[in-house]
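Accompanying notes for the structure given below.
As the structure is a computational prediction, the values presented were derived from the model and not from experiment.
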Amino acid sequence: MGMEAYELDASTIPDHHLLDLDSTFAAIVDRVVFNHSGPGIKSMSLAHTRYDTDGDRRVTAWLDRLASREHHRLERLDVNIGAALHTPASLFRCETLVELRLVVHAAARGLRLDVDGAVHLPQLRRLCLEHAGFRSSTQFQNLIDGCPLLELLHLRFTAVARREDTVGIEIRSPSVRRVVLEGCGGYGMVPFEVSAPNVEELVLSGRNMVAVEKGGVRRLSARKVSLLMDDKLWWYNVFAPFHHFMAFLNVGTNMSRIMAGFHGVLELAISGWCIEYLSKIVDSMNLPDWGIEVLRVEGMWPNQGQAGVVLHLLRSSPCLRNLFITNELEHPREISIDENREQYPATPEFLFDAVPGRLTHLRRFFMFNFTGNRNEISIIKFVLGSSSISINPDQFGVTDYLGNDWSSTHLILASL
């Protein structure tokens, strides 16, 4: 009862308590939190993904007590709970807190963050929220601005409600190093800007804010950007072909605007789904030259549109030093093949023409899961014709999914 660190996990409760698991778990947490005999708890981990008995009231009381300076010295809090809950104001004024992770499995109600008042978390460096909700972007901005030393921001399935008085969101603290926004569809309702000067990596994955026509990300400033969105566009009926078509068009248009606003990006990772969205506007993409040195294409479906998008990226990357392309072997039915792309614009033929000297800085190019597809070969020919890369195992490699080496240009050209 006098320890500084606790990990209270309901899954470790002995089997003979399983019939009354909620009350047993609650009794243990109550005893530790309210009857602690030491100078105070520094680290607390609470895990019970199925807990829903008096969850709103009881869990809120635990958080309030843990955040109290009169009773504890909380530095790390990790709550992985199955109860919907409301966060007490004291949690956002805990001056000793360094790491905060809140994961809520009560999807119907989720976690409402009541941050209308002042936020003062002067020591917080890591903030992770899952299934959290903010009533407006002002609430979210209050939280971020109240964490002057924040280094990691990780939001998963977190949303900001749309209100008429909603203003933009800006992540601007010079201490921020990594931002991960995973499945945060709600943020598309408001303008969103990452202008923090020292961001090393920004990751957008799952359903995300870029897939909206208005609002969305206005500016990204980071050394490394990962665009790993998928096909789960919840604001469209994806079962209707026209709506699915329009969703792809809107996402591609907005993604193109975002990419044109990249600042200081040296490494870009992009998924096959993102490229498919962009292939809807492959005939009208207009990307400025940028300073990307590393490009990773993950899970490309080698149809003509996606090949055209990759060539757009290569043409806009005169500083490129390393290029890695991994092809997707399984072809989802939502991804069009070249024989069935009636709704897609034709890929401009000039994209496939090599530009001698354009990739003069390229030192390494590797393609994985090579299938002999003519669009894959078009990319390879463009790279070889636009760079002075040497055909040796350290700089150039083309392998299929069995590991067979196709790096010889004679073998590649023979597969046309």
For [X], all residues meeting side-chain contact (heavy atoms from CB on, under 4.5 Å), sequence neighbours excluded:
| X | value |
| --- | --- |
| Arg223 | Asn198, Glu200 |
| Gln123 | Val98, Arg125, Leu149 |
| Asn369 | Thr326, Asn327, Leu329, Tyr401 |
| Val180 | His154, Arg178, Val203 |

Heavy-atom pair of closest approach, residues [X] and [Y]:
| X | Y | result |
| --- | --- | --- |
| Pro122 | Cys94 | CD-O, 4.5 Å |
| Pro302 | Asn373 | O-OD1, 3.2 Å |
| Leu97 | Glu99 | CD1-O, 3.7 Å |
| Pro174 | Pro197 | CA-CD, 3.8 Å |
| Glu130 | Phe157 | OE2-CD1, 4.3 Å |
| Leu323 | Leu320 | CB-CD2, 4.1 Å |

Heavy-atom side-chain contact between [X] and [Y] under 4.5 Å:
| X | Y | result |
| --- | --- | --- |
| Val398 | Ile380 | yes |
| Val33 | Leu66 | yes |
| Val310 | Asn375 | no |
| Phe324 | Met367 | no |
| Tyr6 | Ser45 | no |
| Leu295 | Asn322 | no |
| Met285 | Leu278 | yes |
| Leu351 | Phe382 | no |

So how far is it from [X] [atom1] to [Y] [atom2], rounded to the nearest 0.5 Å?
| X | Y | atom1 | atom2 | result |
| --- | --- | --- | --- | --- |
| Asp78 | Leu100 | CG | CG | 9.0 Å |
| Leu127 | Leu121 | CG | CG | 8.5 Å |
| Asp64 | Leu91 | CG | CG | 9.0 Å |
| Leu63 | Leu74 | CG | CG | 9.5 Å |
| His361 | Ile389 | NE2 | CD1 | 14.0 Å |
| Arg58 | Phe25 | CZ | CZ | 10.5 Å |

Test your reading of the model: is there a side-chain donor-acceptor pair from [X] to the backbone of [Y], 3.5 Å cut-off?
| X | Y | result |
| --- | --- | --- |
| Glu376 | Gly372 | yes |
| Ser316 | Leu313 | no |
| His312 | Val282 | yes |

**OP:** Report the C-alpha distance between Ile292 and Leu266 in whole Å, list the side-chain angles of each, state the deciding distance to 0.1 Å, and finish with yes or no for side-chain contact (heavy atoms from CB on, under 4.5 Å).
**Re:** CA-CA 4 Å; Ile292 288 177; Leu266 298 179; over 6 Å; no

List for me each residue that meets salt bridge (charged side-chain N to carboxylate O under 4.0 Å, His left out) alongside [X], sequence neighbours excluded, and say none if there are none.
| X | value |
| --- | --- |
| Arg315 | none |
| Arg65 | none |
| Asp400 | none |

**OP:** Check ring-ring contact (aromatic ring centres under 6.0 Å, His included) between Phe352 and all other residues, then give those that pass, not counting sequence neighbours.
**Re:**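 If we apply the ring-ring contact (aromatic ring centres under 6.0 Å, His included) test to Phe352, skipping adjacent residues, there are no hits.
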
**OP:** Could you go through the side-chain contact (heavy atoms from CB on, under 4.5 Å) check for Ile325 and Ile379 one step at a time?
**Re:** CA-CA 10 Å; Ile325 299 177; Ile379 294 175; 3.9 Å; yes

**OP:** List the steps and the verdict of side-chain contact (heavy atoms from CB on, under 4.5 Å) for Ile377 and Phe370.
**Re:** CA-CA 9 Å; Ile377 296 171; Phe370 176 70; 4.0 Å; yes

**OP:** Kindly state each residue pair satisfying salt bridge (Lys or Arg N to Asp or Glu O under 4.0 Å) with at least one member in residues 347-358, sequence neighbours excluded.
**Re:**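 Passing the test, one end in residues 347-358: Asp289-Arg358.
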
Subject >> Pair listing, salt bridge (Lys or Arg N to Asp or Glu O under 4.0 Å) test, anchored in residues 66-75, at least two apart >> reply: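 The answer is Glu4-Arg73, Arg69-Glu95.
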
Subject >> Candidate pair Leu155 and Phe140, rule side-chain contact (heavy atoms from CB on, under 4.5 Å), full reasoning >> reply: CA-CA 11 Å; Leu155 304 180; Phe140 178 80; 3.6 Å; yes

Original post:
side chain to side chain donor-acceptor pair (under 3.5 Å) with Asp145: which residues, sequence neighbours excluded?
Top reply: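 Scan of Asp145 (side chain to side chain donor-acceptor pair (under 3.5 Å), adjacent residues dropped) gives Gln141, Arg172.
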
Subject >> Val79, Asp9, Leu21 screened by side chain to side chain contact (heavy atoms under 4.5 Å, CB included) with His48, the one that passes >> reply: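 Going through the options one by one, the only one that passes is Leu21.
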
Original post:
Strictly under 6.0 Å, is that where the ring centroids of His72 and His36 end up?
Top reply: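 His72 vs His36: aromatic centres under 6.0 Å.
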
Subject >> Residue pairs fulfilling side chain to side chain donor-acceptor pair (under 3.5 Å) with at least one residue in residues 383-399, sequence neighbours excluded >> reply: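 Sorted result for residues 383-399: empty, none.
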
Original post:
Is a salt bridge present between Arg296 and Glu267, judged by a nitrogen-to-oxygen distance below 4.0 Å?
Top reply: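 Looking at Arg296 and Glu267, the cut-off is met.
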
Original post:
Would you call the rings of Trp273 and Tyr277 parallel, tilted or perpendicular if under 30° counts as parallel and over 60° as perpendicular?
Top reply: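 Tilted, since the angle between the ring planes falls between 30° and 60°.
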
